[in-house]
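Take a look at the following structure, please.
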Amino acid sequence: MTEPAASAESPILTQRDDAIVTVTLNRPAKLNALTVDAWRLLGDIFLALSADDDVRCVILRGAGEKAFSPGNDISEFETSRANTRQAREYGAIMRRTIEAIGGCRHPVVAQIHGICVGGGMEIASLANVRICGASSRFGVPIKNLGLVMSYSELTPVVRLVGPDAALAMLLEGTIFDAQEALRLGVVTRVVADDQVAAEAQATARRIAAGAPLVARWHKKFVRRIVQGGELTDAERDEAYACFDTEDFQTGYRAFLAKQTPRFNGR
């Protein structure tokens with residue numbers, strides 16, 4: 001894979017550890033607030049990762065332990081989102097990135113430290129497993145900015161918590177804690193603050209140890225079920241394609257031999 005170039009000063013960093021890639025929102029001085037350039041680069045990176053068959057899991061996090069992200073950098077609004085035309089252009093970049101993360105073929109784990117609000121919560125909600133610390137805080141208080149959440153931003157939030165809870169978040173604009181986030185489904189797991197990184201890594205390793213083709217199929221199938229509508233015969237038949245893979249032969253033979261399987265993704 002050829003990943004988009006990123007220096008230590010880049011707003012988005014990537015680090016590869018075998019089949020696990022960590023993507024870091026890298027503006028710690030701004031609590032990892034996102035600029036238009038950060039949104040664009042984040043989309044580039046996820047599109048490249050999704051196309052890479054050697055990847056088995058992606059960890060998405062913010063730099064440091066104060067924040068995952070508070071969303072968009074408000075100081076940029078005067079130059080980048082000052083009117084409808086600019087907002088539409090900015091929104092197209094955000095939509096591309098949201099679709100790239102949500103459509104990533106590989107499992108995505110959100111490693112959430114601290115603040116995770118607004119656009120930060122939107123991004124985290126796109127992950128398949130979302131792990132936060134006990135002191136993390138969540139919410140979408142954009143009513144205080146006079147802003148509307150676009151359809152592409154709102155869709156993953158509604159998918160997680162349902163329309164009533166999503167609308168309550170938007171109308172009230174309250175900030176809620178990790179236990180409420182767990183109850184609502186915003187996160188899938190809450191651990192002690194000092195265990196977030198370890199739990200995210202352990203989760204990614206468990207995922208990466210499984211058959212990667214199966215993980216990709218399961219992501220695809222769940223997405224299709226959520227979309228609704230009648231399944232075609234071809235779609236139903238795809239569930240049996242795994243029986244012709246090397247990974248299936250490896251998996252069931254290892255099970256019978258009481259051994260740990262080592263999948264090759266073929």
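This is a predicted model, so every value here is computed, not measured. Just so it is clear, the values below take in all heavy atoms, side chains as well, and ignore hydrogens, waters and symmetry mates. Just so you know, residue 1 is the first one in the sequence shown, and it goes up from there.
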Item to check | Flag, side chain of T250 to backbone of P261, donor-acceptor distance under 3.5 Å | outcome: no
Checklist entry - Can you tell if the side chain of L34 reaches within under 4.5 Å of the side chain of I123, non-hydrogen atoms only? => result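 The answer is yes, as the side chains (C-beta and beyond) meet within the 4.5 Å cut-off.
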Checklist entry - When clusters are formed by joining ILVMFWY residues with side-chain heavy atoms under 4.5 Å apart, either directly or through shared neighbours, do L31 and F77 land in the same one? => result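 No, separate clusters.
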Next on the checklist: Quick check: do R223 and K219 have side-chain heavy atoms less than 4.5 Å from each other?
Outcome noted: yes
Next on the checklist: Please check: side-chain N/O of R56 versus main-chain N/O of D18, any donor-acceptor pairing under 3.5 Å?
Outcome noted: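 Not confirmed, R56 side chain does not pair with D18 backbone.
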Item to check | Nearest-0.5 Å distance, CD1 of residue I112 to OG of residue S136 | outcome: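 Between atom CD1 of I112 and atom OG of S136 there are 6.5 Å.
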Checklist outcome for this item: For C132 and A178 the tightest heavy-atom approach is SG-CB, 3.7 Å
Checklist entry - When clusters are formed by joining ILVMFWY residues with side-chain heavy atoms under 4.5 Å apart, either directly or through shared neighbours, do L170 and L160 land in the same one? => result yes
Checklist entry - F138 vs F176 aromatic rings, parallel, tilted or perpendicular, using cut-offs 30° and 60°? => result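 Ring orientation of F138 relative to F176: parallel.
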Item to check | Point-to-point distance, once rounded to the nearest 0.5 Å, from CD of E235 to CD1 of I225 | outcome: 10.5 Å
Checklist entry - Do E76 and R81 come close enough that some side-chain heavy atom pair is under 4.5 Å? => result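 SC-SC contact between E76 and R81 ruled out.
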Next on the checklist: Taking W217 as the starting point, is it possible to reach V55 by hopping between hydrophobic residues whose side chains are less than 4.5 Å apart?
Outcome noted: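 V55 and W217: separate clusters.
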Checklist entry - Between R27 and D73, does at least one N-O distance fall below 4.0 Å, as a salt bridge requires? => result yes
Next on the checklist: Rounded to the nearest 0.5 Å, what separates atom NE2 in H113 from atom OG in S69?
Outcome noted: 13.5 Å
Checklist entry - Should V117 and V157 be regarded as members of a common hydrophobic cluster, given that ILVMFWY residues are connected when their side-chain heavy atoms come within less than 4.5 Å of each other, either directly or indirectly? => result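 Different clusters: V117 never reaches V157 through Ile, Leu, Val, Met, Phe, Trp or Tyr contacts under 4.5 Å.
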Next on the checklist: side-chain contact (heavy atoms from CB on, under 4.5 Å) for V108 and V23? Distances and angles first, verdict last.
Outcome noted: CA-CA 10 Å; V108 179; V23 177; over 6 Å; no
Item to check | Same cluster (ILVMFWY, side-chain, under 4.5 Å), I59 and V21 | outcome: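 Per the 4.5 Å side-chain linkage, I59 and V21 are not co-clustered.
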Next on the checklist: Are D193 and E65 packed together at the side-chain level, in the sense that at least one heavy-atom pair is separated by less than 4.5 angstrom?
Outcome noted: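 Not in contact.
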Next on the checklist: Between E122 and R95, does any NZ, NE, NH1 or NH2 come within less than 4.0 Å of an OD or OE carboxylate oxygen?
Outcome noted: no
Next on the checklist: Main chain of D53, side chain of R216: is a donor-acceptor contact present, judged purely on distance under 3.5 Å?
Outcome noted: yes
Item to check | Closest approach of R130 to V187 (non-hydrogen atoms, all atoms of both residues) | outcome: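 Result for this residue pair: O-CB, 3.5 Å.
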Checklist entry - Going by an N to O cut-off under 4.0 Å, is there a salt bridge joining R40 and D37? => result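 A salt bridge links R40 with D37.
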Checklist entry - Taking atom CG of L213 and atom CG of N264, what is their separation to the nearest 0.5 Å? => result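 Reported to 0.5 Å precision, the distance equals 8.5 Å.
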Item to check | Nearest-0.5 Å distance, CG of residue L256 to OH of residue Y252 | outcome: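 OH of Y252 is found 7.0 Å from CG of L256.
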Next on the checklist: If I compare all heavy atoms of C57 with all of V109, which pair ends up nearest, and what's the gap?
Outcome noted: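 Closest approach of C57 to V109: SG-CG2, 3.8 Å.
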Item to check | Close side-chain approach of V140 and L154, heavy atoms under 4.5 Å | outcome: no
Checklist entry - Is the NZ or CZ atom of R224 positioned over F221's six-membered ring, under 6.0 angstrom from the centre and within 45° of the axis? => result no
Next on the checklist: Determine whether a donor-acceptor pair (N or O, by modelled atom type, separation under 3.5 Å) exists between the side chain of S50 and the backbone of F46.
Outcome noted: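 No, the answer is negative, given that no donor and acceptor are paired below the 3.5 Å cut-off.
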Checklist entry - Below 4.5 Å, heavy atoms only, C-beta onward: do L184 and M169 meet side chain to side chain? => result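 Contact flag for L184/M169 side chains = yes.
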Checklist entry - Yes or no on side-chain contact (heavy atoms from CB on, under 4.5 Å) for L126 and L60, after CA distance, side-chain angles and deciding distance? => result CA-CA 10 Å; L126 295 163; L60 180 57; over 6 Å; no
Item to check | Distance-minimising heavy-atom pair for V148 and I142 | outcome: C-CD1, 3.8 Å
Item to check | Matching residue for T14 among V58, T22, I45, T24 - test: side chain to side chain contact (heavy atoms under 4.5 Å, CB included) | outcome: I45
Checklist entry - Looking only at heavy atoms, what is the nearest atom pair of P107 and N128, with distance? => result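 Looks like CA-OD1, 3.4 Å.
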Checklist outcome for this item: Correct closest heavy-atom pair for I131 and V196 would be O-CG1, 4.1 Å
Checklist entry - Ignoring hydrogens and geometry, is there a side-chain-to-backbone donor-acceptor pair from N26 to A63 under 3.5 Å? => result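 Absent.
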Item to check | Stepwise side-chain contact (heavy atoms from CB on, under 4.5 Å) test for I20 and I207 | outcome: CA-CA 9 Å; I20 298 171; I207 291 171; over 6 Å; no
Item to check | Pairing of D44 and R96 as salt bridge, 4.0 angstrom limit | outcome: yes
Next on the checklist: Using side-chain heavy atoms (C-beta onward) and a distance below 4.5 Å, is T245 in contact with V214?
Outcome noted: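 Answer no - side chains too far apart.
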Next on the checklist: Is it true that, when you exclude E78 itself, more than 12 heavy atoms of the residues, nucleotides or ligands shown sit nearer than 6.0 Å to its CD?
Outcome noted: no
Checklist entry - To the nearest 0.5 Å, what is the distance between NZ (K30) and OG1 (T35)? => result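 Going from NZ on K30 over to OG1 on T35, the span is 10.5 Å.
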Checklist entry - So, E153 side chain and M149 main chain: donor-acceptor pair closer than 3.5 Å or not? => result no
Next on the checklist: Between K143 and L171, is there a side-chain heavy-atom distance shorter than 4.5 Å?
Outcome noted: no
